[in-house]
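Some notes on the structure that comes next.
Hydrogens, waters and symmetry mates are skipped; everything else that's a heavy atom, side chains included, is used. A, B, ... follow the sequence lines: proteins, then strands. Residue 1 opens every chain.
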Amino acid sequence: MTLLTHDSCPPGAVREPLDVPRSDPRSLLPEREPLRVLGTPAAAEYDVDLLRALFQEVFTGRRYNLQATALAKQGRLAVYPATTGQEACEVAAAAVLSTQDWLFPTYRDTLAAIVRGVDPVEALTVMRGDWHHGYDPYEHRVAPLSTPLATQLPHAVGFARAARLKGEDTVVLAMVGDGGTSEGDFHEAVNFAAVWKAPVVFLVQNNGFAISVPLAKQTAALSLADKAVGFGVPGRLVDGNDVLAVHQVLDEAVSRARDGGGPTLVEAVTYRLDPHTNSDDDSRYRDLSEVEQWRRRDPVLVLERSLRGMGVLDDDAVEQAARSAEEFAANLRKRYNHAPSPDPMTLFSHVYAEKTPQLREQEAMLRAELRAEAQAEGNEQQ
Amino acid sequence: MTLLTHDSCPPGAVREPLDVPRSDPRSLLPEREPLRVLGTPAAAEYDVDLLRALFQEVFTGRRYNLQATALAKQGRLAVYPATTGQEACEVAAAAVLSTQDWLFPTYRDTLAAIVRGVDPVEALTVMRGDWHHGYDPYEHRVAPLSTPLATQLPHAVGFARAARLKGEDTVVLAMVGDGGTSEGDFHEAVNFAAVWKAPVVFLVQNNGFAISVPLAKQTAALSLADKAVGFGVPGRLVDGNDVLAVHQVLDEAVSRARDGGGPTLVEAVTYRLDPHTNSDDDSRYRDLSEVEQWRRRDPVLVLERSLRGMGVLDDDAVEQAARSAEEFAANLRKRYNHAPSPDPMTLFSHVYAEKTPQLREQEAMLRAELRAEAQAEGNEQQ
Amino acid sequence: MTNGATTVTFSAPAGASPGQRSTTMAQALNAALRDALRDDPTVHIMGEDVGALGGVFRITDGLAAEFGSDRCADTPLAEAGILGTAVGMAMNGLRPVVEMQFDSFAYPAFEQLVSHVARMRNRTQGRMTLPLTIRIPYGGGIGAVEHHSDSSEAYYMHTPGLHLVCPATHADAYGLLRQSIASDDPVVFLEPKRLYWSKDQWSSDSSEQVDPAGVAAVRRRGTSATLITYGPSLPLCMAAAEAAVEEGWQLEVVDLRSLVPFDDETVCAAVRRTGRAVVVHESAGFAGAGAEIAARITERCFHHLEAPILRVAGLDIPYPPPMLEGRHLPSVDRILDAVARLQWETDIRGGEVHVAGL
Amino acid sequence: MTNGATTVTFSAPAGASPGQRSTTMAQALNAALRDALRDDPTVHIMGEDVGALGGVFRITDGLAAEFGSDRCADTPLAEAGILGTAVGMAMNGLRPVVEMQFDSFAYPAFEQLVSHVARMRNRTQGRMTLPLTIRIPYGGGIGAVEHHSDSSEAYYMHTPGLHLVCPATHADAYGLLRQSIASDDPVVFLEPKRLYWSKDQWSSDSSEQVDPAGVAAVRRRGTSATLITYGPSLPLCMAAAEAAVEEGWQLEVVDLRSLVPFDDETVCAAVRRTGRAVVVHESAGFAGAGAEIAARITERCFHHLEAPILRVAGLDIPYPPPMLEGRHLPSVDRILDAVARLQWETDIRGGEVHVAGL
Ligand SMILES: Cc1ncc(C[n+]2csc(CCOP(=O)(O)OP(=O)(O)O)c2C)c(N)n1
Ligand SMILES: Cc1ncc(C[n+]2csc(CCOP(=O)(O)OP(=O)(O)O)c2C)c(N)n1
Ligand SMILES: [Mg+2]
Ligand SMILES: [Mg+2]
């Protein structure tokens, strides 16, 4: 007895090619060295107004980071995760998008949201602690800052797919940290985007650390953008401290997405100059001389120096940018002069479209408590 | 006011290279075409005993698939997911491992477990439904078959890391389907393995489908082995219907892992000739002519033909292999003549090392119920 | 869940022939999906094998063929990705209906469910809402192997921001699913697997209206004690009530229909009428839905109770293999045993109460 | 959890100086980890930032330096991966102690926890066991932003196969963590975040023995009513009991210490003594741990109860932002309000019971 009919096997079967279309995956690999524009002849090709605008944003961005950190140290924010050193990425991410596009930021990316037009106080609502989230996502087309790492990436992909299904021209730019790329959600999101050819750009800000954990403990990949190949999408590698380079790479990726070319995975190599948040003690896990090294590639400094060298900026222009940044900061400070006192009754307002009977009971309890407290206070004041 | 001290920025800062060591990721890419050995001169270099042994296993494997499917159709198994058409992968996966090594199979890989030495009835316990799992994992060093897809991969990685930490020489071979590679667990597992340089070999059996979903809806990658690059580990691509090729690629990967070289990601391109399980209706989602096409590359057929061509097998040898396979099947059938009647009281035996007071109460209740039933039956028989 | 209206009805499709026919619950669910796709172009179905195959339980049978693979889409095999991308689609104005293949295979999506789905409306003060339905083939009793028979309702019930619905009849299968899809809030919709093949005289073009979720139904009137249940255990409770007649008990049976919102009013009224109650469900009893139900009724009806509210639930063990699931699941006998323990002699105050916690 | 012994003690490290000193609970936990690493070479700590940083709460402070980065390992940022690889390590003879950075960030590992951690022993009939401890900084009250203050115990309590432990004192923080690590079963170990910085006169070299998990502790004797609680709400209940004295109530306070196993005996004895009880915990009340506790006590002590068992729990809302968390969490006032509702006038049978479900 044999199990097989020999007749069914033509002589050539063994050597028959498999039906796997194999294009060359090498074309999807990112550049070997992070792309740079500043300090290269390519920089000269940029529109001067764009250069000045980027400089202003990067410069104000730094001032914002300093101010928000100060507010956190004064206790006016519960916590603040700064993007000091990452301003080039934050600014470029917002700057490449058109009005109809969407930004999906992480918990750290308040700056990108602000550059996109979000009121800084509303961008910082979650950090202040009066509510989980401030701004209307639909106004400036910025999704809520996402705290659970990488979970916003599938949202971005679904959002982009929906736009395509509705025939809309939207591109979605989704941000994530180097640490966040280790989460399964990262993998699932890029894979869905690739399969659906969804118009999404994934921007990985590799700032060297996930809290205390350095990149080498996060991945053995040569570049985080190498991961693109495994999803059949192109990877790009860029100097994240060079705002022009980031702008260029993202701009190309956005165009590609808009034209139906599907997602791109971008790694921007940068560095977190500040501790993880104001309450972090980074001396526990990094040699502060490393920070000093990176300060020499400070994206604000690098930009100013380059633009001065190109004759795009002079002392006056820098002075003016500084004044504008200072105004921004002063305004922000002023708006933190009074602490908010959120209404406790709002705790029940948005759990469901319509309160359940159970929530109505609990609402009544809290209302009674508040009334009793007010009465007690009134009695005391008499 | 400016925010930056210009002095801190040395003139060369802009062009300073980033501190990212960039080896060439191209070396990690798998071969462009699935590796083949059968029908090539390389086949002649194999040990004849190995060739005959592999033939016997592949041949018996097919007989096993037929028999288990029949048992499922007769209702003696609750369900059976066959590996018909995938026997080359199943056999090679078990064959490359040394005694101290471990196999982490999916729910489909009963055959690999059996080739590794597990009693087929115990391998099929979960399919029969008398318990969730049969064999002692430590006896043949085979982890329980995993039903939640890809969840066994982090187990395999942790197991391998533990072996290294204990100074043991163990290599772990972890199996997963093409569909399973879309799960976040796949990504997290390969990443942990890469970072830890854990001695793990990941074998992806790309059999074309995840139940009804074809590979093209699962990934846009050119090969599932391309994913390796993104983790900084080597990928390999192999013809999964060529048992010698699978054996060779896995053998190299196992050696690499044993020598401290870390994980390898292998994609074996094969095809599921049977429906997903005996209760699946594959005519709903695939053109059965595609199945016919693949039958011509049937791994059993291809192997027999090649080995006959090489003079390693003749009619007698095939006849003998068939007899042995038939014995295997007859034995299996016989052992299914009586349905098991698992003891309900075991429901409480292994929830915890020691029963909680709550479980003891519930145990007492069930015991009383059983006693009452027995009594009632006794009364009836009188 | 009712978008402001107190009763949500879906009218018969124009031109449909009236009359009822023998239908499975699977077909009723399929009809609800089909009608939702037809009535609202923003409805999108997605999940594993929901396309050509029609789902492993055939609930999406024929929908991809009729509405195209964009409206009924096979996804890659990744549940967090399925739910996570559905969240994004809902953010962008669509009404995704997600199928999780089995209870257990919804667990990979747990973070998305708890940390985002349940919270997006609250987080954004109502600005960003998620009109999202998560269909889960739910519960056991179908002879399936490990990981295919879990009951996960207690996890979702304890997660504020989710609606939690579980039909037990064909009319509710259709009506509650249509309501869930129309809801502007996320709904976890539990489909009792063991009822998929149950037949009933029902047709989607009958103009039968169902109450909104949040309203429990008294399925049988009684005076002796009240059985409180939902989903797959309703037929069991009806059978128990039938059997109890012989013992001289007239049992009232309440079908909750939804666990969130919870209908305290109907439940408490029923319990006050009878003074005794047993809660019945499949999932493990410990910290299960029955605990909440028993606790809240006791809080509200303490002085109407002649006996503690008892629970008949699954054992506190991992769901058993097929050959033993009958020993795990609630049964008519266990329900009647519990009813018998409801202290029919009144003068036992001070005595020890033996309860097996089931 | 006790590997057969009824009392598990860990002796003082040889040569340690006796006497107690002011210690935080964080330090007690750190000492437990250090001593476990020292006493058992198979113990391995892993998690995000547990190495050089010592964890975001410094519970692993100094351990990587002392025992090396293999014994106390920073992992990639992926919670399912952390727990999943820990499962593999436990399969291979090690005793992993996993840190999840916050309650919410354990959700990605939910599938591993429910589908494997809780079931491996049962699946393999005791052949493959998982001596695995999952430490979770637990609960709120620390002014943290969204996703950093969840209470997740109800999810784990409803998952058979897991032990669920929650210390409220320094001695228990040390003793129960040592027991958990020594257990041959998986233990979810909830560390009350808000107690991390609480100080007490305690030292690991005091030879104080703690009861095994599964044994509740009566922390205060009383006659009027019993407060039943665990973890972060114990200090609150003690304060409420203190304040209640002025109102003329002598409250008994029971600290459960573990939710699985559950100590029915001690709890029921305490409730029978007082005839009235309030369960207090932080997590949302609906389908929370308190529901099970109230339901099971009522089943067992019905005829000893003068009033329904009430619950004081978090509101049924997503955990609020820092500025509002005080309105969400149980408070002394809410506990006293609940005690006041325990029907101190006895003759109200038949009247309507108003209960806010909290
Ligand atoms: C799912 C999840 N796990 C853990 C955390 C806690 N956490 C907050 S930030 C952070 C590090 C993030 O690193 P990375 O992704 O590199 O972003 P970066 O902070 O550098 O911007 C961690 C672990 C979280 N927010 N979400
Ligand atoms: C986490 C999870 N999701 C869904 C399922 C249901 N399911 C069982 S097999 C299967 C398809 C698996 O496809 P693949 O990984 O290619 O393996 P194959 O069946 O082809 O061997 C699915 C979706 C599951 N078992 N686990
Ligand atoms: Mg980072
Ligand atoms: Mg497959």
No-hydrogen, no-angle side-chain donor-acceptor test under 3.5 Å, A:Y64 and A:T110 | yes
Ignoring hydrogens and angles, state whether a donor on the side chain of A:N65 or A:T83 is under 3.5 Å from an acceptor on the partner side chain.
-> yes
Given that the side chain runs from C-beta out, which part of [X] has a heavy atom under 4.5 Å from chain D: side chain, backbone, both or neither?
X: A:R286; value: neither
X: A:S341; value: neither
X: A:V79; value: side chain
X: A:A210; value: both
X: A:I211; value: both
X: A:E373; value: side chain
X: A:L366; value: side chain
X: A:D282; value: neither

Answer with side chain, backbone, both or neither: which region of D:E79 has an atom nearer than 4.5 Å to a non-hydrogen atom of chain A?
-> both
Options [options], ranked by heavy-atom pairs under 4.5 Å with chain D, top entry:
options: A:R128, A:M127, A:H133, A:Q218; answer: A:Q218
options: A:W131, A:F186, A:Y107; answer: A:W131
options: A:V351, A:L347, A:V126; answer: A:L347

Do [X] and [Y] sit within salt-bridge range, that is, some charged N less than 4.0 Å from a carboxylate O?
X: D:R58; Y: A:D281; value: no
X: A:E267; Y: A:K227; value: no
X: D:D61; Y: A:R284; value: yes

In terms of heavy-atom pairs under 4.5 Å with chain A, the winner among D:I317, D:V145, D:D333, D:T75 is D:I317
Ring geometry between D:F105 and D:H148 (parallel below 30°, tilted from 30 to 60°, perpendicular above 60°) = perpendicular
Are D:Y319 and D:H147 an aromatic pair by the rule of ring centers under 6.0 Å?
-> no
Taking the six-membered ring for Trp, are the ring centroids of A:F202 and A:F104 within less than 6.0 Å of each other?
-> no
Considering non-hydrogen atoms only, spot the tightest contact between D:L33 and D:R135 and give its length.
-> CD1-NH1, 3.9 Å
